[in-house]
Amino acid sequence: MTAPVAAQPSPFTLSSDQAEAWDAVAELLQGAGIDIENGILTPPEGKEAGVMAVIGKAGSGKTMLLAAMVRALRDAGVDVISGDWEGRRRKDRRTLAVLAPTNKAASVLRNQGVPATTIHRIIYTPVYDPEYEKVAEWLAGQGDRPVIEGLSEVALDRAWAGYQINTSVPAALAAAGLRGSDFITGWKRREDPLDIGFVDESSMLDERQFDDLKEIFPTLLLFGDPAQLPPVQGNGQMVFDTLPDPRKRVLHRVHRQDADNPILDLAHALADPALDFQGFEDMVAEAARRDDRVVMAERVEADLMARSPVLVWRNATRIKLIHAFRAAFDAPVDNLLPGEPLICDGIELPLKHRKRRLDLEARGLIKGAQVIYLGPGRNPGFSRLHVIGAEEPQVSAASIVKIEQEGDTEPFIPYAAKMGAAFLHGAAVTIHKAQGSQWDTVQVFAPDIFVAARMGRVEAGQPLWKRLAYVAITRAQTRLRWVVRNRLGRPTAPLGIDDLRAGPAPLALEPGEV
């Protein structure tokens, strides 16, 4: 069927392949009892609609299509679940959750007006204090104005005004000087399924996450880029590769808003099987001569590394650049400077501390999360941190910070709580770990890509260097710096934290209190 133009709740004109994908998804949702063409909800036709994928390379309009579908579902009366508060269950209620693997990836969607949250925040749901429930129900129009000890009438008015603007309970509480996470008394694995799940950056999903999501969502729509790198510990495939062809819709056309983007032009040029590394680097140089959004850089800029890591292939390169960065800013060998970037490397807690693990992960400290060190916490081994992309970014957590050394030398550990969140330095990261993230300006360390090209490795029928280059350059939102020399520029200012969004006092996540 062909969707009538009037039924497409979108401010842009759909390309032909977007329209075909829209029609296929509309048919899938029809089976789930949701008619986005006419904006109505009907009883589901079957037990489940299943899984479908919309895939395409960078610039093909996946995110725009996702956003338009979210608007259509909301207009039809579907409730969007953010992971913060779900309201009362109703028999006739239909639900949608928009998910991403990391906080950074979710924040990219939120910046475009899509109410996204992390997969973890949906799989594990918070248990809230009853006082919070009263405020949330009132804001959502499901209860009377509450009387809360310690919360003034003026604060409630501010919360109400904030909710009218953002339709977000956490944002409304922030307007009243509170944080939703202050009212969380525990975490539990979700028991009740939701109706529909949209998953962005689904190329990052592993089989276990995919199985978890299928348990929760009888209707699951994956959005992904087949040209990215598969999960490191997987079988070399992405989860949508296993779907039958009728359950996949491919977006080929670069959308008109991105048609003059030199970074995307370079990304799509990598699909040419005749293109070798030297030919590609010549294309980068030509693009740099024509457009200042592409730069052939003779050195890595230390200032940028503090917020936008250099993307590399080899761990040895990553460690060298991290030490060069710290030396450039005169960082002490036995301490961290406020403003240094870190990458969460997981939670190091015994299984018996499952609740503490959930608390840390739910607040954004999941493997791969990018954080900025703000300073030491009140207790030994604790760090105050700013979690990039999190809606409530400032936390204080028991930390195990590892500064890796070159060769076989053991990592130096400036901070080491007995248990808690583990961190590596984040001034440089591997291209694999950069998937799902975007930065305004991205520095790609081209000598590493050249080494991959010389090795001649192939993954899923594609030269590895091309996949690395594609993922790396498509992390750039505005400007690409293709670094061709093993050099580091001196910083122009000392490290600091003044650029980070101010928020309420950091949350304490201490073993004795969580």
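None of these values were measured; they are calculated from a predicted model.
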Give a yes or no on whether the backbone of [Y] and the side-chain of [X] come within a donor-acceptor separation of less than 3.5 Å.
| X | Y | answer |
| --- | --- | --- |
| Asn261 | Ile263 | yes |
| Gln228 | Asp225 | no |
| Ser399 | Ala397 | yes |
| Asn379 | Phe382 | no |
| Lys367 | Asp345 | yes |
| Gln435 | Leu229 | yes |
| Arg94 | Leu73 | no |
| Gln164 | Trp160 | yes |
| Arg326 | Pro332 | yes |

With a 6.0 Å cut-off on ring centres, are His386 and Tyr373 close enough?
no
Taking every non-hydrogen atom, the tightest pair across [X] and [Y]:
| X | Y | value |
| --- | --- | --- |
| Ala302 | Phe325 | O-CE1, 3.6 Å |
| Pro115 | Val98 | O-CB, 4.0 Å |
| Pro101 | Asp200 | CD-O, 3.4 Å |
| Asp35 | Ala76 | O-CB, 4.5 Å |
| Ser202 | Val239 | O-CG2, 3.9 Å |
| Val429 | Ala434 | CG2-CB, 4.3 Å |

Any side-chain donor-acceptor pair under 3.5 Å between [X] and [Y]?
| X | Y | answer |
| --- | --- | --- |
| Asp79 | Thr95 | no |
| Gln443 | Ser308 | no |
| Thr492 | Asp303 | yes |
| Glu340 | His425 | yes |

Interatomic distance, [X] atom [atom1] to [Y] atom [atom2] [nearest 0.5 angstrom]:
| X | Y | atom1 | atom2 | result |
| --- | --- | --- | --- | --- |
| Thr441 | Glu301 | OG1 | CD | 10.5 Å |
| Ile347 | Ile366 | CD1 | CD1 | 9.5 Å |
| Lys433 | Ile431 | NZ | CD1 | 13.5 Å |
| Leu205 | Leu213 | CG | CG | 6.0 Å |
| Ser396 | Leu374 | OG | CG | 9.5 Å |
| Ile119 | Glu201 | CD1 | CD | 10.5 Å |

Ionic contact status for [Y] with [X], cut-off 4.0 Å:
| X | Y | result |
| --- | --- | --- |
| Arg145 | Asp157 | yes |
| Arg208 | Asp211 | no |
| Asp440 | Arg475 | no |
| Asp499 | Arg307 | yes |

[X] vs [Y] side-chain heavy atoms within contact, under 4.5 Å:
| X | Y | result |
| --- | --- | --- |
| Lys214 | Val51 | yes |
| Leu365 | Val371 | yes |
| Ile497 | Arg384 | no |
| Trp22 | Glu37 | yes |
| Val442 | Leu311 | yes |
| Thr118 | Leu99 | no |
| Val199 | Leu220 | yes |
| Thr478 | Trp439 | no |

Anything under 3.5 Å between a donor and an acceptor, one on a side chain of residues 61-68, the other on a protein residue two or more places apart or in another chain? List them.
| unit_1 | atom_1 | unit_2 | atom_2 | d |
| --- | --- | --- | --- | --- |
| Lys62 | NZ | Gly56 | O | 2.8 |
| Lys62 | NZ | Lys57 | O | 3.3 |

Walk me through it: do Leu336 and Ile403 pass the test side chain to side chain contact (heavy atoms under 4.5 Å, CB included)?
CA-CA 10 Å; Leu336 291 175; Ile403 306 296; 4.1 Å; yes
Just do the side chain to side chain contact (heavy atoms under 4.5 Å, CB included) check on Ile148 and Val135 with the steps written out, would you?
CA-CA 8 Å; Ile148 306 293; Val135 175; 4.0 Å; yes
Could you tell me whether Arg74 atom CZ has more than 12 heavy atoms of other residues or ligands within 6.0 Å of it?
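Not buried by this count: 12 neighbours or fewer within 6.0 Å.
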Partner residues of Phe217 under the ring-ring contact (aromatic ring centres under 6.0 Å, His included) criterion, sequence neighbours left out
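For Phe217, no residue satisfies ring-ring contact (aromatic ring centres under 6.0 Å, His included) once neighbours in sequence are set aside.
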Report the residues that fulfil ring-ring contact (aromatic ring centres under 6.0 Å, His included) with Phe223, sequence neighbours left out, ordered by chain and then residue number.
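Residues passing ring-ring contact (aromatic ring centres under 6.0 Å, His included) with Phe223: Phe198.
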Would Leu28 and Arg247 count as a side chain to side chain contact (heavy atoms under 4.5 Å, CB included) here? Give the steps.
CA-CA 10 Å; Leu28 180 80; Arg247 286 280 170 154; 3.1 Å; yes
Given Ile36 and Ile34, is the side chain to side chain contact (heavy atoms under 4.5 Å, CB included) satisfied, shown in steps?
CA-CA 6 Å; Ile36 60 171; Ile34 300 169; 4.0 Å; yes
